Amino acid sequence: MSDPWTLHPDRALPADPTTRGIAREIYAATRDLPIVSMHGHVPVEWFAQDSSFGDPAQLFVVPDHYLTRMLVSQGETLPRLGVGSTDTEQVETDPREIWRRFCAGWRHFRGTPTRYWLEHALVEIFGVTQRPSAETADAIYDQVAARIAEPGFRPRALLDEFNIEVIATTDAAWASLEDHRRLAKDGYGDRVLPTFRPDPLLHVDRATWRDEIALLARAADHEVDSYDDYLTALRAQRRAFVEAGARATDHGHLAADTAPLDDVEARRIFDAALAGTVTAAEAEAFSGHMLFQMAAMSTEDGLVMQLHPGVLRNHATAPFAAFGPDKGYDIPVVTEFTRSLRPLLDAFGHHPGFTMIAFTVDEDVYSRELAPLAGVYPALRLGAPWWFLDAPDAMRRFREAATETAGFSNMSGFVDDTRAFCSIPARHDLARRIDAGYLGRLVAEHRLDLDEAAETAVDLAYRLPQAAYPAPR
């Protein structure tokens, strides 16, 4: 490619000329809006320490499981991509070599959202003018590394450069929140917010569960020797999160079951878990019961409850054993919501102090289950497409499947759900372009006026995320 690598200004907008012209006008209303990133996984330590990102491989490749899984599917290995060592293969420690492998595999990302996010970051943030390849890898590495080394390229400064108004981290339920307190002291308390993630504590058959219960007890300064102690400690930590600025909880269970147990049965199962004799069936029932309890606690403390079930974590046992969570190839499964959420929504779906946001990676349930549920229960909002569905065509399908039943007002706006910090502006930009295209079609079909479409686009990009994640009162 002889010409400099540039990005087309109409990328991801509709191909039809009439609709594209309308979409351009709608996108212009959202393009420069601040980013409200209320569901993500950027480590809070990055902001607290505000240190260098290190090198291009550590910034782009190693932490991004979207990127590494694609390269693994084409014959690379996680150790060769810098993720970690196995019994038979040592981790690659040369960041330039990791980068070369990424660039050599650039063609594998064609047609994927990862391609869009990466090229947006490389061109718009780093000024790269050569498409990645084996031949251009070293030159691009040097250009990106030079930018990373600049004093202004630090996490706190990038909040301004990326126009991020607020960003939420995801924190273990037993987190000390010391980093968030440090950020608050430095004036970032309203900008970098914690999110309460209790998943390991709610699955009582995990091999590490009793160790994590001990961490909860230490953090809450309350011994956990019984089910009632357990609830007390969870409430104490939730209060600590609220005091640190948290807006939400986050739950990534395999199923959406929310059936409550009676107190006697809940205590019996908890005691069995402490004794190490709990069965898989008992643990499954207890996890659904605890989702119900988390909703009840949200009615007390005002934390928004986020639920994103339907992903079988760590499908491959060997990478999970070698590298830990999020490295064993998460794969979607069929998910049921109508019956599963009924106990929770029957109890709290009209509660004025409760908000729940439901996400899915099972597209089949958008029009059949989630949109009808969000379209009637005032406490329920429909989350944006995430994980395998945060792609252009999948986001279009989401709008087409869900909007006619749920409307726009029952949505929660876009969430980026990422650890890849430099992809955040790219992901929000893509969502705004897709929404502009969908709304542009409604205008072209005379189903909306242009001013309504532009107002709705601003709602989806900015106002709805703010409204969906209010500060607890």
Side-chain angles (χ1 to χ4, degrees), residues 39 170 173 195-206 234 248-261 265-266 269 280-299 303-315 325 330-351 354-390 394 397-398 401-402 405-406 410-412 415 417 468-469:
H39 180 109
T170 302
T195 300
F196 183 79
R197 181 74 179 260
D199 284 357
L201 301 170
L202 309 189
H203 299 289
V204 297
D205 57 346
R206 284 173 51 114
L234 285 169
T249 68
D250 187 30
H251 307 273
H253 292 212
L254 178 61
D257 175 47
T258 61
L261 303 169
E265 181 67 359
I269 293 175
E282 289 170 336
E284 183 178 354
F286 190 83
S287 69
H289 166 75
M290 285 309 300
L291 282 181
F292 186 93
Q293 295 302 315
M294 290 292 102
M297 292 182 193
S298 283
T299 67
L303 288 174
V304 173
M305 184 176 181
Q306 299 177 107
L307 177 63
H308 48 88
V311 176
L312 180 60
R313 307 284 178 171
N314 306 302
H315 191 271
D330 299 344
I331 305 294
V333 296
V334 173
T335 310
E336 192 278 334
F337 287 89
T338 300
R339 293 182 177 88
S340 294
L341 292 185
R342 188 176 185 182
L344 185 152
L345 292 174
D346 205 30
F348 310 117
H350 293 83
H351 193 290
F354 178 60
T355 298
M356 180 180 188
I357 301 174
F359 299 86
T360 188
V361 287
D362 184 352
E363 289 188 88
D364 289 346
V365 302
Y366 281 143
S367 59
R368 186 182 67 242
E369 299 185 43
L370 284 176
L373 288 169
V376 67
Y377 285 99
L380 182 64
R381 292 193 180 230
L382 185 50
W386 70 287
W387 215 164
F388 298 89
L389 302 181
D390 51 1
R397 291 194 295 269
F398 166 74
T405 301
N410 289 311
M411 308 290 182
S412 65
V415 298
D417 184 49
Y469 294 88

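No experiment lies behind these values; they were computed from the predicted model shown.
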Exercise. Would you call the rings of Y366 and F398 parallel, tilted or perpendicular if under 30° counts as parallel and over 60° as perpendicular?
Worked result: perpendicular

Exercise. In this structure, which one of H253, H39, H251 forms a ring pair (Phe, Tyr, Trp, His ring centres under 6.0 Å) with F359?
Worked result: H39

Exercise. Would you say R368 has more than 12 foreign heavy atoms packed within less than 6.0 Å of its CZ?
Worked result: yes

Exercise. Quick one: does E336's side chain have a donor or acceptor within less than 3.5 Å of a partner on S340's backbone?
Worked result: yes

Seminar exercise, completed: By side-chain contact (heavy atoms from CB on, under 4.5 Å), S367 pairs with (sequence neighbours left out) A401

For this session: Evaluate the criterion side chain to side chain contact (heavy atoms under 4.5 Å, CB included) for residue pair M305 and L291; output intermediate values, then yes/no.
Result: CA-CA 9 Å; M305 184 176 181; L291 282 181; 3.8 Å; yes

For this session: Nearest 0.5 Å please: distance from the CG atom of D250 over to the CD1 atom of I357.
Result: 10.0 Å

Exercise. If you look at every heavy atom in A406 and A374, which pair is closest and at what distance?
Worked result: CB-CB, 4.5 Å

Exercise. Does T335 offer a backbone N or O that forms a donor-acceptor pair with the side chain of D362 under 3.5 Å?
Worked result: yes

Exercise. At their closest point, which heavy atom of V415 faces which heavy atom of A384, and how far apart are they?
Worked result: N-CB, 4.1 Å

Problem set entry | Donor-acceptor contact present, side-chain R381 to main-chain N410, <3.5 Å | no

Seminar exercise, completed: CZ of R197 to OG1 of T249, rounded to nearest 0.5 Å, is 10.0 Å

Exercise. Between CD of Q306 and CG of D417, what distance do you get to the nearest 0.5 Å?
Worked result: 9.0 Å

For this session: May I ask you to test the L307-L341 pair for a side-chain heavy-atom distance under 4.5 Å?
Result: yes

Problem set entry | D330 side, atom CG; F388 side, atom CZ - distance, nearest 0.5 Å | 6.5 Å

Problem set entry | NE2 (H315) with more than 12 external heavy atoms under 6.0 Å | no

For this session: Check whether any side-chain heavy atom of T258 sits under 4.5 Å from a side-chain heavy atom of F348, and report yes or no.
Result: no

Exercise. For the atom pair CG (L234) and CZ (F196), what is the distance rounded to the nearest 0.5 Å?
Worked result: 5.5 Å

Exercise. Is the backbone of L202 close enough, under 3.5 Å, to the side chain of S287 for a donor and an acceptor to pair up by distance?
Worked result: no

Exercise. If you take all heavy atoms of W386 and P309, which pair is closest and at what distance?
Worked result: CZ2-O, 4.2 Å

For this session: Determine the minimum heavy-atom distance between E363 and L389, stating which atoms define it.
Result: CG-CD2, 3.5 Å

Problem set entry | Residue pair I269, L261: steps toward the side chain to side chain contact (heavy atoms under 4.5 Å, CB included) verdict | CA-CA 10 Å; I269 293 175; L261 303 169; 3.8 Å; yes

For this session: Verify, without hydrogens or angle tests, whether D199 (side chain) and G252 (backbone) share a donor-acceptor contact under 3.5 angstrom.
Result: yes

Seminar exercise, completed: Closest non-hydrogen contact found for E369 with F337 is OE1-N, 2.6 Å

Exercise. Taking atom CZ of F354 and atom CG of L345, what is their separation to the nearest 0.5 Å?
Worked result: 7.5 Å

Problem set entry | Closest heavy-atom pair and its distance - P343, P260 | CB-CD, 3.8 Å

